[in-house]
Colleague: 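Mind looking over this structure? Questions follow.
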Protein chains: 2
Amino acid sequence: MGLCAAVGRKLQTEAGGAPGSPPLDAGTQTISARRTICHPNERSEFVPIVCQGWAALSVAMPDGRRQILSFLLPGDIVSMAGFFGPMSGRIVEAITDVTVRSFKRSDLQALLFKDTALFETVMKAWLEEEERGIQLAVDLGRRTANERLARLILNLADRLAKRGKLHGQSMEFPLRQHHIADASGLTPVHVSKVLGEFQRAGLIEINNRALTIIDAVALRRTGGML
Amino acid sequence: MGLCAAVGRKLQTEAGGAPGSPPLDAGTQTISARRTICHPNERSEFVPIVCQGWAALSVAMPDGRRQILSFLLPGDIVSMAGFFGPMSGRIVEAITDVTVRSFKRSDLQALLFKDTALFETVMKAWLEEEERGIQLAVDLGRRTANERLARLILNLADRLAKRGKLHGQSMEFPLRQHHIADASGLTPVHVSKVLGEFQRAGLIEINNRALTIIDAVALRRTGGML
DNA sequence: CGGCCCTTTGACGGACGTCAAATAGCGTGG
DNA sequence: CCACGCTATTTGACGTCCGTCAAAGGGCCG
């Protein structure tokens, strides 16, 4: 499964801690859909991990435009970079109801320097995160709307599969079209048109906040993932 | 000055090394303009630093499209992430003639774990690099062509100023329009139109591979940097 | 002088955005 | 259970930004 989620899971179990030692985590909270978890300039010393539900990590521009950097799935650490510095200027918003567990950065760092294997794992996970950021830039700079959406769907399916949350070819799909638009650099209207086209072409089906991939081969082809 | 360049400079001086100790660096090379420094799948154990000249770090797609992730200026480490893992799938291309100095990753890591201050600095530089990557994604996803180009010019001017390479409001500007296009997700033709427009509007002037900013305020305004 | 890039320019086309109206869900409260 | 209001989605007409294509200059170097 994804390294980031693996680290997240490890931290969650370790947080139980040996009896007698203070608990590692700094609290668990539940946030309801459409609320924001982290405000912009919050120079927080905490590193949040999503335990349940979907969230979005994004950047907002003063005029209201915004870009979603990634969708956070259960087990995801909001940002690996958060281990080493505050994430200022970023917004985390709950898409579904979400439970988050927060860790103190200083605690995590102490843990990191005691456990070489953990350190290695965190670094690898950070590299993976950077790689996904770069693929995002390539998508936004050089791919068409159809390519971007096909890839978005396939990437989500992959990530859910690694968590055992892909049932056959179906997955829960709580995203609103404006989320998809903000993640892919498009408008909600255009997202609607492309997704409609995908469904009419028999590539996917969307029903009841669930998405099923009907023709994975064709979907990969339109995403340029040959 | 930029942290990345600061680290690069520190490594370059340190590479002289104490007499008697083996030199830290693994060689310096000169690459002429338009040649590629790092091939794609080269799973290299080396971390290159640009000492002179301009280079471009990019990702190429199989069909020929490409996205430039950053322009590398003298002192820049190609990628901070390179400290912790190979940069596969990335291409570094010399824009001008370039001299590069390479370090062995394992040497760098050893150095890092002995010198806590250096470690801190490298982490901070990595965070900065990530921040610039995210700004790239926001630009590509949510900004117009004019905004992107205004910001590209201003960012380059800033980075050159930190290196003492901004003379008044003028800087050397060896980029071809196809470089600018690949960095901003546009076509060379459209880049030409927008830059022409900027010049006719009295924002900038480009002559002899040099760019001077005539109206910094207006340029910042069109870049949305109020 | 001739060839090669690079840049500029204009006409045209297409992908995507904007606007607006109609429809569908969905939760809340009567 | 229905009425209501809100938000999300769909659809069509139309507009615009940017891409494509093509031709015509520059600059540079052999």
Side-chain angles (χ1 to χ4, degrees), chain A residues 32-35 54 56 61 63-68 93-97 139-150 152 172-201 204-211 222 224, chain B residues 32-35 54 56 61 63-67 93-97 139-150 152 173-201 204-211 222 224:
Chain A
S32 53
R34 291 190 53 87
R35 304 206 87 81
W54 291 38
M61 296 169 57
D63 60 5
R65 290 178 287 184
R66 63 176 204 156
Q67 176 65 47
I68 290 181
E93 178 196 322
I95 293 173
T96 64
D97 290 354
D139 286 354
L140 295 175
R142 288 305 188 198
R143 289 191 195 272
T144 66
N146 289 34
E147 287 177 295
R148 290 180 214 174
L149 294 189
L152 180 61
E172 285 183 38
F173 198 75
L175 301 181
R176 307 282 141 162
Q177 293 186 349
H178 72 82
H179 293 123
I180 303 177
D182 285 335
S184 58
L186 303 169
T187 56
V189 176
H190 197 65
V191 169
S192 172
K193 287 170 182 166
V194 174
L195 290 184
E197 185 188 315
F198 280 6
Q199 297 188 72
R200 268 174 264 116
I204 60 171
E205 245 177 48
I206 302 183
N207 281 319
N208 297 327
R209 311 278 132 208
L211 185 153
T222 98
Chain B
S32 52
R34 293 190 54 87
R35 304 206 87 81
W54 291 39
M61 296 170 57
D63 61 5
R65 290 178 287 184
R66 63 177 205 158
Q67 177 66 46
E93 178 195 323
I95 293 173
T96 63
D97 290 353
D139 287 354
L140 295 176
R142 288 306 188 197
R143 290 190 196 272
T144 66
N146 290 33
E147 287 177 296
R148 290 181 214 173
L149 294 189
L152 180 62
F173 198 74
L175 301 181
R176 307 281 142 164
Q177 294 186 349
H178 72 83
H179 292 124
I180 303 177
D182 285 336
S184 58
L186 303 169
T187 56
V189 176
H190 197 65
V191 169
S192 171
K193 286 170 184 166
V194 174
L195 290 184
E197 186 188 313
F198 281 6
Q199 297 189 71
R200 267 173 265 118
I204 60 171
E205 245 177 49
I206 303 183
N207 279 320
N208 296 328
R209 311 280 134 204
L211 186 154
T222 98

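This one's a predicted model, so the numbers in the text were calculated from it and none came from an experiment. Naming: A, B, ... by sequence-line order, numbering from 1 per chain.
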Colleague: Can you tell me how far P of dA15(C) sits from CG of Leu149(A), to the nearest Å?
Modeller: 15 Å

Colleague: Round to a whole Å and report the spacing from CG of Asn207(A) to C1' of dA8(D).
Modeller: 15 Å

Colleague: Using whole Å, report how far CZ of Arg65(A) lies from C1' of dT18(C).
Modeller: 15 Å

Colleague: Output the rounded distance in Å from CZ (Arg176(B)) to C1' (dC4(C)).
Modeller: 12 Å

Colleague: Calculate the interatomic distance between Leu175(B) atom CG and dC6(C) atom P; express it in whole Å.
Modeller: 13 Å

Colleague: Whole angstroms only, please: what is the CG-C1' distance between Leu195(A) and dA24(C)?
Modeller: 17 Å

Colleague: Give me, pair by pair, the N or O atoms of the protein and of nucleotides 15-21 of chain D that are less than 3.5 Å apart, along with how far apart they are.
Modeller:
from: dC18(D); atom 1: OP1; to: Ala145(B); atom 2: N; distance (Å): 2.9
from: dG19(D); atom 1: OP1; to: Thr187(B); atom 2: N; distance (Å): 3.4
from: dG19(D); atom 1: OP2; to: Thr187(B); atom 2: N; distance (Å): 3.4
from: dG19(D); atom 1: OP2; to: Thr187(B); atom 2: OG1; distance (Å): 3.0
from: dT20(D); atom 1: O4; to: Lys193(B); atom 2: NZ; distance (Å): 3.4

Colleague: Mind checking what makes side chain to side chain contact (heavy atoms under 4.5 Å, CB included) contact with Arg176(A), not counting sequence neighbours?
Modeller: His178(A), His179(A), Arg209(A)

Colleague: Considering all heavy atoms of both residues, which atom of Ala150(A) and which atom of Phe198(A) are nearest to each other, and what is their separation?
Modeller: N-CE2, 3.8 Å

Colleague: Can you tell me if Gln177(B) touches the phosphate of dC5(C), counting only side-chain N or O atoms and a distance under 4.0 Å to OP1 or OP2?
Modeller: no

Colleague: Residues two or more places apart in sequence or in another chain: which of them pass salt bridge (charged side-chain N to carboxylate O under 4.0 Å, His left out) with Glu205(A)?
Modeller: none

Colleague: Show me the pairs that pass salt bridge (Lys or Arg N to Asp or Glu O under 4.0 Å) and involve residues 184-199 of chain A, at least two apart or across chains.
Modeller: none

Colleague: Measure CG/Asp97(A) against P/dG27(C) and give the value in whole Å, please.
Modeller: 12 Å

Colleague: Given axes from five pairs at either end, by how many degrees does the helix from dC1(C)-dG30(D) to dG30(C)-dC1(D) bend, rounded to 10°?
Modeller: 30°

Colleague: Using side-chain contact (heavy atoms from CB on, under 4.5 Å), reason through Leu140(A) and Arg148(A) one step at a time and then give a plain yes or no.
Modeller: CA-CA 8 Å; Leu140(A) 295 175; Arg148(A) 290 180 214 174; 4.3 Å; yes

Colleague: Give, for atom CG of Asp97(B) and atom CZ of Arg35(B), the distance between the pair rounded to the nearest 0.5 Å.
Modeller: 11.0 Å

Colleague: Can you tell me if CG on Asn208(B) sees more than 12 non-hydrogen neighbours from other groups inside 6.0 Å?
Modeller: no

Colleague: Write down the atom of Ser184(A), the atom of Gln67(A), and the distance for their closest heavy-atom approach.
Modeller: N-NE2, 4.5 Å

Colleague: Does a nitrogen or oxygen in the side chain of Arg34(A) sit under 4.0 Å from OP1 or OP2 of dG27(C)?
Modeller: no

Colleague: Could you check whether atom CD of Gln199(A) has more than 12 heavy atoms from other residues, nucleotides or ligands sitting under 6.0 Å from it?
Modeller: yes

Colleague: Dump the pairs, protein N or O against N or O of nucleotides 23-30 of chain D, anything under 3.5 Å, distances to one decimal.
Modeller:
none

Colleague: Is Ser192(B) near enough to dT7(C) that one of its side-chain N or O atoms lies under 4.0 angstrom from OP1 or OP2?
Modeller: no

Colleague: Between CG of Leu152(B) and CG of Leu175(B), what distance do you get to the nearest 0.5 Å?
Modeller: 7.0 Å

Colleague: Nearest whole Å is fine: how far is dG25(C) P from Ile206(A) CD1?
Modeller: 14 Å

Colleague: Could you tell me if the side chain of Arg142(A) sits less than 4.5 Å from the side chain of Glu147(A), heavy atoms only?
Modeller: no

